[in-house]
Amino acid sequence: MASFEQAASLAARAAVASVKERFSPEERTAAIEQIEEEELKYLPAPDTIKTKLLTMCRENRAAAVSAAVLAVMAFAIIFADKLTVYDPNAVNLMERLLPPSGAHWCGTDDLGRDVFTRILYGGRVSLLVGVIPTTISMVIGVILGMISGYIRRTEAVIMRLADIVLAFPSIVLAMVVMYTLGATTTNIFIALSMIGWAKTARVVRSQTLSLREQEFVEAARGMGVRKWTIMFRHILPNCLPSLIVLFTLNIPDAILSEANLSFLGVGTQPPDSSWGLMVSQARTFAQSSPWMLIFPSLAILIMVLSLNFLGDGLRDVMDPHTR
């Protein structure tokens with residue numbers, strides 16, 4: 001007597017045979033494709049960077065507003081020559097120290113220059129100082145962090161060097177570099193790049209130490225893939241979410257560092273303009289003409305706060321440790 005399992009198997013085979021006889025191969029293929037399409041409708045959306053950004057805009061209104069504010073500020077800074085009719089360096093002593101008005105939205109300074117125009121053009125220097133040194137320092141930090149985390153014999157040297165950099169206050173170390181090399185915009189890039197790589201290196205090292213023990217890295221290592229290929233093709237892509245967040249959080253640090261250096265007289269030098277230099281030049285007129293101090297300070301405040309809010313929003317949706 002056949003068992004229940006055998007009977008069920010025979011019934012299933014009979015059912016499959018009857019289906020094959022009733023439908024042609026093309027009809028069966030079309031039915032299978034239709035079923036697969038129906039199943040795909042109920043699958044969750046892929047966890048891509050685009051979906052993460054959309055999630056951030058829905059769940060974190062502060063980050064979404066900050067992104068819009070940054071976009072408007074970047075547009076105004078890039079197209080400053082289209083948005084204002086004044087020359088940022090043209091001296092007009094007949095219109096010096098004018099308060100805000102329809103002709104001069106943010107007033108004029110002690111040399112009769114339009115403050116709003118100088119904020120827009122000075123924003124170019126501040127934005128470049130925020131982006132370029134941050135990018136350079138992060139590239140250096142990513143390379144050294146992955147090397148120290150994957151090639152363990154180099155860890156002691158690289159991490160002790162990072163500890164030395166982190167032991168000094170960043171503004172003091174930047175001032176030493178600026179006094180040594182000279183107060184130019186290029187040297188500001190060098191100084192901020194030298195002091196900003198250590199934090200990135202420590203973050204990337206910690207993630208590399210975790211990722212190097214994962215199965216996909218061990219499989220690549222077992223297949224004979226070179227260590228540099230493993231680091232840059234398998235480990236680095238898994239560090240990108242944290243690096244994006246770190247990038248948005250490091251830019252305001254660089255902007256504030258440049259503002260501090262310019263305020264102390266070792267940053268951007270005239271006739272170039274930056275927000276920190278404008279605040280430094282407005283100290284003498286803080287009581288008689290406060291608009292010279294208020295508007296550049298507000299520009300720094302809005303830019304830094306927007307970048308910090310955007311960085312917090314990106315961290316909430318991209319960093320797996322906070323989800």
Side-chain angles (χ1 to χ4, degrees), residues 69-70 73-74 76-78 80 84 86-89 91 97 100 105-111 113-137 168-196 247-308 311:
V69 171
L70 289 173
M73 294 184 71
I77 289 170
I78 293 172
T84 180
Y86 298 103
D87 187 337
N89 298 319
V91 176
L97 300 178
W105 294 351
C106 299
T108 60
D109 62 6
D110 56 317
L111 297 178
R113 298 172 296 188
D114 184 65
V115 174
F116 178 72
T117 301
R118 289 182 60 80
I119 289 175
L120 292 183
Y121 280 89
R124 294 180 175 181
V125 176
S126 297
L127 195 60
L128 287 176
V129 167
V131 174
I132 294 179
T134 300
T135 303
I136 296 173
S137 63
F168 290 94
S170 59
I171 188 65
V172 174
L173 193 57
M175 288 178 62
V176 171
V177 176
M178 294 300 296
Y179 277 120
T180 303
L181 300 179
T184 64
T185 304
T186 303
N187 292 337
I188 292 177
F189 294 163
I190 297 174
L192 297 181
S193 300
M194 291 177 61
I195 65 176
F247 182 77
T248 59
L249 295 177
N250 284 347
I251 291 178
D253 290 343
I255 293 175
L256 289 177
S257 297
E258 185 276 333
N260 291 332
L261 291 174
S262 297
F263 186 82
L264 296 173
V266 292
T268 306
Q269 299 298 314
D272 294 333
S273 176
S274 72
W275 294 339
L277 180 60
M278 293 180 67
V279 172
S280 176
Q281 294 173 339
R283 287 180 296 176
T284 308
F285 306 93
Q287 294 184 351
S288 60
S289 304
W291 57 86
M292 290 179 58
L293 181 65
I294 292 174
F295 290 109
S297 301
L298 280 177
I300 297 174
L301 178 65
I302 294 172
M303 177 72 76
V304 171
L305 283 180
S306 299
L307 285 167
N308 279 316

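Atoms considered below: every heavy atom in the structure, side chains included; atoms not considered: hydrogens, waters and symmetry mates. Numbers for residues simply follow the sequence, beginning at 1.
- Summarising the geometry, atom CD1 belonging to Ile188 is positioned 11.5 Å from atom CD1 belonging to Ile132; distances are rounded to the nearest 0.5 Å.
- The two residues Ala191 and Ala174 come nearest to each other via the heavy atoms CB-O, 4.1 Å.
- Distance check, rounded to the nearest 0.5 Å: CZ of Phe247 to CG of Leu307 gives 9.5 Å.
- Between Ala254 and Thr134, the closest heavy-atom pair is CB-OG1, 3.8 Å.
- Taking a 6.0 Å sphere around CE of Met178, one finds it holds more than 12 heavy atoms contributed by other residues, nucleotides or ligands.
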Quiz: residues 116-128 side-chain donor-acceptor pairs under 3.5 angstrom, not counting sequence neighbours:
residue	atom	partner	partner atom	Å
Thr117	OG1	Thr84	OG1	2.7
Thr117	OG1	Asp114	OD2	2.7
Arg118	NH1	Pro88	O	2.8
Arg118	NH1	Asn89	OD1	3.4
Arg124	NE	Ile77	O	3.0
Arg124	NH2	Ile78	O	3.1
Ser126	OG	Gly122	O	3.4
Ser126	OG	Trp275	N	3.4

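- Pro133 and Leu192 make their closest contact through CB-CB, 3.6 Å (heavy atoms, listed as atom of the first residue, atom of the second, distance).
- Shortest non-hydrogen contact noted between Gly130 and Ile255 is CA-CG1, 3.9 Å.
- The two atoms that bring Val304 and Pro252 nearest to each other are CG1-CB, 3.8 Å, heavy atoms only.
- Across all non-hydrogen atoms, the minimal contact from Ile300 to Gly276 is CD1-N, 4.2 Å.
- Counting heavy atoms from C-beta outward, Thr180 and Val177 have side chains that stay 4.5 Å or more apart.
- Rounding to the nearest 0.5 angstrom, the gap separating the CG atom in Asp110 from the OG atom in Ser289 is 8.5 Å.
- Going from atom CD of Gln281 over to atom OG of Ser274 covers 8.5 Å, rounded to the nearest 0.5 Å.
- Annotation: the span from Ile190 atom CD1 to Asn187 atom CG amounts to 5.0 Å, rounded to 0.5 Å.
- Taking the side chain as every heavy atom from C-beta outward, Met278 and Asp109 never approach each other to under 4.5 Å.
- Taking the side chain to side chain donor-acceptor pair (under 3.5 Å) definition, one finds that Ser280 meets it with Arg283, sequence neighbours left out.
- Distance CG/Asn250 to OG/Ser257: 10.0 Å, rounded to 0.5 Å.
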